[in-house]
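Just so it is clear, the structure is predicted and the values come from calculations on it, not from any experiment. In the text below, chain A, chain B and the rest are named by the order of the sequence lines, each starting its count at 1.
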Amino acid sequence: MVSVPFNIQLLLPGILFLIGLVGLLVRRNIIFMLISIEIMFNSAGMVFIMSGANWLQSDGQIMFIFILAVTAAEVSIGLALILQMFHHYKTLDADALNKLKDKPE
Amino acid sequence: MDIIFYLASIIAIISTILAITGKNAIHAILYLIISLLAISIIFYILGAPFVAALEVIIYAGAIMVLFIFVIMMLNVGMEKQLESKWLTPSNWIFPSVLGAILLVAYVYAVYKMDFKTNILVSISPKQVGISLFTTYLLGVEISAFLLLAGIVGAYHLGRRKKIVVHRFLKDNN
């Protein structure tokens, strides 16, 4: 197996998390914002896996399974909300959602 | 085995950068699937074959496919011009600077830590399964609640409601 030190192993999820964060800050298309959130979730789970592997416990993998369940639920509800948003506003621009309205037009 | 780790991590980083800087959403998701496959390789060589398989099956195989279905269902046509307008280089500078500062802080923290290399053993799915059924049984039940909430919420929120107008209020022209 690998002999990369643990702290060097942790560089990869950090870099991926920051890439997801920059993507979330820059993009205005709401699909891309969801994709960036997915990248961040995945990198957080990666930290758990690496920790579990380095302490020789299965707890890291179990935490990743729970994170996977959270991600799946969140993505499905987020995409359903995007469908509603597109149905009412006819655009995927996140800046279109800047008003509180009673009835969408 | 180290070379596989470094190679797979370079592929993951490059494909993730390509995923967030593209203009086409489908291309971005395909790049992200490549990144997830590279991360799955890393999980496998770290001694976690169960989550390596789960990452491919669930994350790349179900969640990303759900994304693709929704994008194809929305059928946006005009987005390419909009995206070119939104993604000017001046829009990228400030968040990239913030990300770079965080990256410098993170790399500093990483190099301050002092860890020896560990000999990793592969943790079999049987161990994970035993742990899930004995120690973390409550967590499994609670994530079942969460998935139920996700199902009900996605069904309810994804419905197109027809607006019903009383016939006396309708225009009779």
Side-chain angles (χ1 to χ4, degrees), chain A residues 1-12 14-16 18-23 25-29 31-32 34-36 38-39 42 46 49-50 52-54 56-62 64-66 68-77 79-84 86-87 92-93, chain B residues 1-2 5 9 12-13 16-17 19-20 25 28-29 32 36 39 43 45-48 50-51 54 58-59 63 66 70-71 74 76 79 83 86 91-92 95-96 99 102-103 106-107 110 113 115-121 123 127-128 131-132 136 139 143 146-147 149-150 153-154 157-158 160:
Chain A
M1 295 292 159
V2 294
S3 61
V4 182
F6 181 49
N7 52 345
I8 310 289
Q9 278 178 17
L10 284 183
L11 268 181
L12 174 67
I15 293 176
L16 287 179
L18 289 172
I19 291 173
L21 181 66
V22 169
L25 289 175
V26 170
R27 309 292 308 227
R28 246 169 84 172
N29 192 345
I31 298 271
F32 279 94
L34 259 190
I35 290 174
S36 309
E38 286 309 302
I39 298 172
N42 190 14
M46 210 189 313
I49 303 282
M50 288 172 171
N54 277 279
L56 302 176
Q57 287 177 342
S58 65
D59 297 353
Q61 300 190 37
I62 288 170
F64 185 77
I65 293 174
F66 292 152
L68 217 49
V70 170
T71 306
E74 169 246 349
V75 160
S76 58
I77 292 187
L79 286 172
L81 284 172
I82 287 178
L83 281 178
Q84 285 288 339
F86 189 75
H87 179 53
L92 286 176
D93 184 3
Chain B
M1 279 288 191
D2 285 0
F5 182 85
S9 47
I13 291 174
T16 311
I17 291 178
I20 65 162
I29 290 177
L32 190 58
L36 292 174
I39 290 170
F43 287 170
I45 63 174
L46 280 177
F50 186 51
V51 288
L54 272 187
I58 297 181
Y59 225 121
I63 296 178
L66 181 62
V70 168
I71 291 176
L74 294 180
V76 288
E79 297 297 322
E83 291 282 356
W86 290 338
N91 278 342
W92 282 95
S96 308
L102 285 175
L103 183 65
Y106 190 83
V107 168
V110 156
M113 292 200 310
F115 273 95
K116 296 183 277 298
T117 68
N118 274 333
I119 300 180
L120 301 171
V121 295
I123 297 175
Q127 270 175 278
V128 176
S131 193
L132 271 177
Y136 293 103
S143 53
L146 178 68
L147 289 171
L157 289 170
R160 298 272 190 90

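The residue among A:Asn54, A:Ile31, A:Val75 with the most heavy atom pairs within less than 4.5 Å of chain B is A:Asn54. Highest contact tally toward chain B, considering only A:Glu74, A:Gln61, A:Gln9, is held by A:Gln61 [criterion: heavy-atom pairs under 4.5 Å]. With chain B as partner, the option from A:Gly20, A:Gly52, A:Ala80 having the largest number of non-hydrogen pairs under 4.5 angstrom is A:Ala80. Ranked by heavy-atom pairs shorter than 4.5 Å toward chain A, the options B:Ser96, B:Ala48, B:Ala149, B:Gly47 are led by B:Ala48. Chosen from A:Leu81, A:Val26, A:Val22, the residue pairing most often with chain B at heavy-atom distances under 4.5 Å is A:Val26. In terms of non-hydrogen atom pairs under 4.5 Å with chain A, the most contact-rich of B:Ala28, B:Gly139, B:Ala19, B:Ala12 is B:Gly139.
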- request: Check the pair B:Phe43 / A:Met46 against side-chain contact (heavy atoms from CB on, under 4.5 Å), numbers first and verdict last.
  value: CA-CA 8 Å; B:Phe43 287 170; A:Met46 210 189 313; 3.2 Å; yes
task: Go through the steps to decide whether A:Ser76 and B:Leu66 satisfy the test side-chain contact (heavy atoms from CB on, under 4.5 Å), and finish with yes or no.
output: CA-CA 8 Å; A:Ser76 58; B:Leu66 181 62; 4.3 Å; yes
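Contacts between B:Phe5 and chain A at a heavy-atom distance below 4.5 Å involve the side chain alone, from C-beta outward. Contact of B:Ile58 with chain A is made through the side chain alone, with heavy-atom distances under 4.5 Å. With a threshold of 4.5 angstrom between heavy atoms, B:Leu32 approaches chain A through side-chain atoms but not through N, CA, C or O. Only the side chain of A:Leu12 comes within contact range of chain B, judged by heavy atoms closer than 4.5 Å. When heavy atoms are compared at a cutoff of 4.5 Å, A:Ile39 approaches chain B solely by way of its side chain, counted from C-beta outward. With a threshold of 4.5 angstrom between heavy atoms, A:Ile35 approaches chain B through its backbone and through its side chain. For chain B, the nearby part of A:Leu18 is the side chain; its heavy atoms alone come within less than 4.5 Å. Heavy-atom distances place both the backbone and the side chain of A:Ser3 under 4.5 Å from chain B. With a threshold of 4.5 angstrom between heavy atoms, B:Ile39 approaches chain A through side-chain atoms but not through N, CA, C or O.
Between B:Leu74 and A:Ile82, some side-chain heavy-atom pair lies under the 4.5 Å cut-off. In this structure, A:Leu68 and B:Tyr59 have side chains that are in contact, with non-hydrogen atoms separated by less than 4.5 Å. Side-chain contact check for A:Arg28 versus B:Asn91: every heavy-atom pair is 4.5 Å or farther apart. Taking the side chain as every heavy atom from C-beta outward, A:Phe64 and B:Val128 never approach each other to under 4.5 Å. Residues A:Ile65 and B:Tyr136 form no side-chain contact, since every pair of their non-hydrogen atoms from C-beta on lies 4.5 Å or further apart.
With hydrogens and angles ignored, the 3.5 Å screen pairs no side-chain donor or acceptor of B:Gln127 with any backbone N or O of A:Ser58. Under the 3.5 Å distance criterion, the side-chain polar atoms of A:Asn7 are matched with a main-chain donor or acceptor of B:Val110. In terms of modelled atom types and a separation under 3.5 Å, the side chain of B:Tyr106 and the main chain of A:Leu10 share a donor-acceptor contact.
Distance check: B:Ile17 CD1 to A:Ile19 CD1 gives 4.0 Å after rounding to the nearest 0.5 Å. Within the model, atoms CG of B:Leu103 and CD1 of A:Ile15 stand 5.5 Å from one another, a figure rounded to the nearest 0.5 Å.
Closest non-hydrogen pair, B:Ser131 versus A:Ile62, comes out as OG-CD1, 3.2 Å.
When the ring pair (Phe, Tyr, Trp, His ring centres under 6.0 Å) test is applied to A:Phe6, the partners found at least two apart in sequence or on another chain are A:Trp55, B:Phe115.
None of A:Thr71, A:Asn42, A:Leu79 except one satisfies the side-chain contact (heavy atoms from CB on, under 4.5 Å) rule with B:Ile63; the exception is A:Thr71.
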